[in-house]
Amino acid sequence: MDKLVIRGGNRLSGTIPISGAKNAALTLIPCALLSEEPVTLRNLPRLADIDGFQHLMNQFGVTTAIQGTRPEDFGRVMTLEATRITSSVAPYDLVRKMRASILVLGPMLARMGEATVSMPGGCAIGNRPIDLHLKALEAFGAEIELTQGYVKAMAPDGGLPGGEFDFPVVSVGATENALMAAVLANGTSRLFNAAREPEIVDLCNLLVAMGAEIENIGQSDLTIHGVKRLNGATYKVMPDRIEAGSYACAAAITGGDVRLEGANANDMASTIHALRNIGIEIEEDAKGIHARANGALKPANLTTAPFPGLATDMQAQLMSLLCKAEGTSVLKETIFENRFMHVPELSRMGAEIETEGRTAIVKGPADLTGAEVMATDLRASMSLIIAALAAEGETTVRRIYHLDRGYERLEEKLQLVGADIERLDD
Ligand code: UD1
């Protein structure tokens with residue numbers, strides 16, 4: 001297992017290329033199940049989760065081919081061809097490693113009339129149930145059975161009729177599953193209180209390119225007119241707004257100045273707003289976003305919320321940044337109940353953070369010092385890297401497989417802007 005060793009104190013400066021969005025890619029890949037024709041995805045990030053999803057697709061009989069990218073390039077192109085689907089079962093072994101596997105349920109049900117997916121296990125950032133995924137599919141006419149740790153979904157003979165579902169809680173994944181099921185339904189479906197995250201818009205845009213009929217894209221009330229079949233398409237994955245936001249925090253904590261090439265400011269308005277409140281200058285230009293620290297960092301009160309609110313996936317990284325702000329900050333996490341696991345690790349590095357339920361109070365500025373720390377989940381791991389970049393001395397981050405799930409060649413990108421970071425065999 002690898003570890004990362006970071007010697008803090010270098011001011012980050014230069015350009016970081018932003019990869020395709022992991023969370024968009026994880027819902028675009030299963031769209032290939034909806035058509036007999038090939039779907040080609042460009043700008044796919046090279047990540048462990050994407051490899052995992054590729055294996056899952058292969059397990060269904062989908063062929064996958066990676067085209068013409070050099071090892072030194074970021075991103076890659078994948079063509080998925082689901083001409084013949086030979087299995088509709090997503091086994092435990094593949095699903096347990098990657099929660100997003102549940103996103104095959106909707107498209108598989110739509111195309112094959114049935115799907116059997118292992119229940120995703122518990123997850124480090126909270127309980128993360130899938131009840132809303134299942135309820136939405138039931139509302140569209142599916143029959144759902146839970147047996148021996150598997151969800152079995154079946155459409156009536158002749159396919160899903162379609163229907164209406166009002167989400168009691170905004171859920172990104174459940175909205176994605178419902179959309180992918182509804183596009184091939186016999187009738188019209190409506191979703192209320194659907195998630196509006198940019199990754200959902202990316203999904204809708206691919207589905208439309210494949211011939212789907214979706215009204216109100218980007219809104220919380222979506223109408224989907226089912227079509228008989230979908231064609232193939234070639235589609236470029238949107239830039240990763242969380243990766244871009246994470247590197248903005250990394251630059252800011254070092255008093256640095258980075259260009260985030262390819263980042264899209266419209267997708268990350270709430271993060272930009274938070275960063276500006278903390279005192280970071282953010283400018284958009286034709287190539288992306290320019291983030292520049294300008295004097296002392298200011299404390300902030302931040303609350304996560306569904307889009308267009310502040311992304312929960314940015315909470316940990318912003319918390320690290322606020323450890324260096326001059327004053328007391330308050331962060332409220334409203335999406336997941338157990339998403340402060342970075343706090344004890346940050347405390348070991350000298351941060352002064354108290355938590356009470358879903359609120360964290362950060363007292364700054366802290367004198368951060370290097371330490372041996374453990375990554376607990378993807379974004380929590382990034383928060384440790386950010387703190388380490390500003391810490392005195394050396395930090396060793398272990399269990400970095402979490403980072404490899406979501407940040408394409410993190411240490412290379414940070415080295416590009418002058419960070420002292422290396423990956424070592426543990
Ligand atoms: C996705 C993102 C994740 C991000 C999250 C919130 C992917 C692969 N992952 O996760 O990075 O942090 O959105 O923006 O895109 N809930 C239920 N029942 C359900 C589903 C969800 O109660 O069936 C609850 C969850 O426990 C949570 C809230 O809804 O409290 C939001 O979760 P959801 O939006 O579904 O997150 P994911 O799609 O799993």
Side-chain angles (χ1 to χ4, degrees), residues 2-19 45-46 71-75 239-263 268 271-272 275-276 278-285 287-297 314 316-325 346 349-351 365-373 375 379 381-398 400 403-404 406-424:
D2 292 346
K3 62 182 181 184
L4 287 171
V5 177
I6 300 132
R7 281 164 287 272
N10 289 7
R11 179 178 175 276
L12 303 191
S13 163
T15 299
I16 300 180
I18 297 305
S19 293
R46 294 181 196 215
E72 64 269 31
D73 291 336
F74 292 101
D240 198 315
R241 62 194 172 107
I242 307 300
E243 188 198 28
S246 302
Y247 288 128
C249 291
I253 204 167
T254 69
D257 179 350
V258 294
R259 287 182 189 275
L260 305 164
E261 198 174 63
M268 42 192 291
T271 296
I272 290 177
L275 287 167
R276 285 188 175 139
I278 298 170
I280 314 305
E281 281 180 19
I282 307 276
E283 278 164 32
E284 281 173 69
D285 58 32
K287 285 192 156 178
I289 292 174
H290 187 179
R292 186 169 36 208
N294 180 17
L297 299 177
M314 280 304 303
Q317 303 90 311
L318 286 163
M319 190 184 295
S320 287
L321 182 59
L322 288 169
C323 288
K324 282 298 209 183
L346 288 173
M349 298 177 71
D367 287 327
L368 297 176
T369 49
E372 306 239 342
V373 289
R379 308 303 169 185
S381 316
M382 189 62 191
S383 78
L384 302 179
I385 304 279
I386 291 167
L389 290 167
E392 171 95 38
E394 190 173 283
T395 299
T396 303
V397 185
R398 292 204 161 78
I400 59 166
L403 284 163
D404 294 333
Y407 288 91
E408 182 174 10
R409 291 146 77 187
L410 168 106
E411 69 279 12
E412 280 178 54
K413 290 195 183 189
L414 284 171
Q415 283 159 1
L416 282 175
V417 290
D420 185 345
I421 177 168
E422 59 182 333
R423 179 185 289 256
L424 298 173

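It should be emphasised that the depicted structure is a prediction, and the values quoted were computed from it without experimental measurement. Positions are given from 1, in the same order as the sequence printed here.
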* Roughly how far, to the nearest 0.5 Å, is CD1 of I282 from CZ of R292? -> 10.0 Å

* To do: Flag the pair V417 / D257 as yes when at least one side-chain heavy-atom distance between them is below 4.5 Å, and no otherwise.
  => no

* **Nearest non-hydrogen partners of P239 and A263, listed with the distance** => CB-CA, 4.3 Å

* Are Y247 and R259 close enough that a side-chain donor and a side-chain acceptor fall under 3.5 Å? -> no

* Got I242 and M382 here, is their nearest side-chain heavy-atom distance under 4.5 Å? -> no

* Asked: Given side chains that start at C-beta, do those of S246 and D240 come closer than 4.5 Å, heavy atoms only?
  -> no

* Asked: Are any of the side-chain heavy atoms of C249 and M314 separated by less than 4.5 Å?
  -> yes

* Structure fact -> Rounded to the nearest 0.5 angstrom, the CG-CD1 distance for L384 and I400 is 12.0 Å

* **R423 and E412 ion-paired at < 4.0 Å** => no

* To do: Examine distances only and state if a side-chain atom of R11 and a backbone atom of G255 form a donor-acceptor pair shorter than 3.5 Å.
  => yes

* Test item: L318 and L275 side chains (from C-beta on) under 4.5 Å apart, heavy atoms -> yes

* **Chi angles and distances behind the side chain to side chain contact (heavy atoms under 4.5 Å, CB included) call for I289, V258** => CA-CA 8 Å; I289 292 174; V258 294; over 6 Å; no

* Asked: Does some side-chain heavy atom of T271 sit less than 4.5 Å from a side-chain heavy atom of R241?
  -> no

* To do: Check whether any side-chain heavy atom of Q317 lies under 4.5 Å from a side-chain heavy atom of I385, and answer yes or no.
  => no

* Atom of A244, atom of M268 and distance for their closest heavy-atom approach -> CB-SD, 3.8 Å

* State, to 0.1 Å, how close N10 and G418 come at their nearest heavy-atom pair, and which atoms those are. => ND2-O, 2.8 Å

* **Point-to-point distance, once rounded to the nearest 0.5 Å, from CG of D404 to CG of L410** => 8.0 Å

* Structure fact -> Separation between CD (E284) and NE2 (H290), nearest 0.5 Å, reads 13.5 Å

* CD of E392: more than 12 outside heavy atoms within 6.0 angstrom? -> no

* Structure fact -> dist L346:CG -> L368:CG (nearest 0.5 Å) comes out at 8.0 Å

* To do: Would you check if there is a donor-acceptor pair between the side chains of T15 and E261 at a distance under 3.5 Å?
  => no

* Asked: So which heavy atom on Q415 is nearest to which on I421, and how close?
  -> NE2-O, 2.8 Å

* Structure fact -> Nearest heavy-atom approach of A391 to G370 is CB-N, 3.7 Å

* Spacing of E243 atom CD and K413 atom NZ [to the nearest 0.5 Å] -> 3.5 Å

* Asked: Heavy atoms, side chains only, cut-off 4.5 Å: are L414 and I6 in contact?
  -> no

